[in-house]
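Everything below concerns the one structure shown next.
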2 protein chains.
Amino acid sequence: MPQINSDRYQQQRKQAIRSAAAVFAEKGFHGSSTKDIAERMGIKQGSLYYYFKSKEEALGEVCLFGIEDYVHRMDGIANGDQPFEAKLMATITSHLSSYREKNEALKVHNDERLYLPEEKRYRLRQLGSHYRQSLEGIFEEGVKSGALRDSIDCHFAAQAVIGICNAWGDLIVRDPQLDIFDIIQKCTDLLLNGFCERRKEKRT
Amino acid sequence: MPQINSDRYQQQRKQAIRSAAAVFAEKGFHGSSTKDIAERMGIKQGSLYYYFKSKEEALGEVCLFGIEDYVHRMDGIANGDQPFEAKLMATITSHLSSYREKNEALKVHNDERLYLPEEKRYRLRQLGSHYRQSLEGIFEEGVKSGALRDSIDCHFAAQAVIGICNAWGDLIVRDPQLDIFDIIQKCTDLLLNGFCERRKEKRT
DNA sequence: AAATTATTCTATAGATATATAGAATCACGT
DNA sequence: ACGTGATTCTATATATCTATAGAATAATTT
């Protein structure tokens, strides 16, 4: 029986989650064997089952580990009292930073979560919805405050921001050379101002 | 020996590719068995090898099938003589339409191509690069013609458009109810104008 | 240091998958 | 209807993978 309350156990288990994240990110869930994961961690295949009751449980833990940080940070941003533009930029920064810090686990969440049983997918969907709704709320505030055109579709806008962040997140994972602050800057600029030329007006 | 020149063979093979696309899209490459694919096609597992010499060859064909249309259409758009805004909208329309028509194969290309051997991934990368470069060219034209601010980074812009299209493509695949023309409209508007309020100026 | 508990190992049962070989069936031209 | 080649089937060799059981080792407590 595992000693799930001990500190050492929890530390080793987190190590196992990180190993699983790395292997799943590289070879995909079904392309990875429990042997691969165990080897990366420096133990034998069978020993892995001291930390997970199944390969699928490992996947669930990796997915959760991947998103928990940025989903959690979103609450702080949405409930803060910054103006719209600052909140948008903070969101993008938080989201892209997660890709730097937890690249493997986040990639696994995006690409492999569909292999989880419905029950666990549901939990992840809830977190995702919560995130999207908070972002939608930020856009609604922006419209009310007059920072944004009132013709914009806040649901579409939130979805678009998430889409852009994930697309660039993917590129960031693949190419660690990319300048993340440059990307944050340009994404924000695109979302606020678009690409069109227009007669000069000061705009921060 | 397969009769690779006969019409019937080619038709059946395309059927096999579509079956593989459907199964791979649903369960992923490693999560699908050759039995699954054969069954969906209405033949027995072993018979599939009359059309593919390996499961991996099937994946390669599906990936290529998924992108060939929109990659090919891009040449027509880029070389046309429409103004910038029309080209941008045509690109988005073409890209998102592909997600409606070939949703399964396209999803497979995006999610599973990494399981191909380097040699085949290289070919797909070439097609992707060609696509991105054409789009980059459209943006460069747009800057030159004065339609776009000259401060924009065309490489970033092209990447962003592709990212947005793929993000929405994914949602389109999952939810066939979505109004694709509404999305095209809003994506174009976002890219051109951004979300900010600004003093009225006419803008098509 | 003995006893107890926690962790890892070895070995394996049982399931499932890919690819091949050779037999059986089908389609079609004559 | 016959023969020929095209297509599909059956059966299987070979490999691999998950999860478990029980032995072995390491760590900790008394």
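Throughout, a chain's letter reflects where its sequence line sits, starting with A, and its residues are numbered from 1.
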In whole angstroms, how far is the P atom of D:dA19 from the OH atom of A:Y50?
19 Å
Write down the atom of B:L178, the atom of B:R100, and the distance for their closest heavy-atom approach.
O-NH2, 3.2 Å
Distance in angstrom units between B:K44 NZ and C:dT25 C1', rounded
13 Å
Measure the distance from OH on A:Y51 to C1' on C:dT7 and round it to the nearest whole Å.
6 Å
OP1 or OP2 of D:dT20 versus the side-chain N and O atoms of A:Y49: is any pair under 4.0 Å?
no
Test item: side-chain donor near acceptor, A:R73 and A:S98, under 3.5 Å:
yes
Nearest-Å distance for atom pair CZ/C1', residues A:R8 and D:dA27:
8 Å
For C:dC9, does OP1 or OP2 lie under 4.0 Å from any side-chain N or O of A:S47?
yes
Interatomic distance, A:K55 NZ vs C:dT16 C1' [rounded to whole Å]
13 Å
Is a side-chain donor-acceptor pair under 3.5 Å present for A:Y131 with A:D75?
no
Gap between atoms NZ and C1', on B:K35 and D:dA11 respectively (whole Å):
14 Å
Using atom CD of A:Q12 as one end and atom C1' of C:dA6 as the other, report the distance to the nearest whole Å.
12 Å
Whole-Å distance, B:H30 NE2 to D:dT18 P, equals 12 Å
OP1 or OP2 of C:dT18 less than 4.0 angstrom from a side-chain nitrogen or oxygen of B:T34, does that happen here?
yes
Would A:H30 and A:Y115 count as a close aromatic pair, with their ring centres under 6.0 Å?
yes
Sugar-phosphate, base or nothing in reach of B:Q45, heavy atoms under 4.0 Å
base
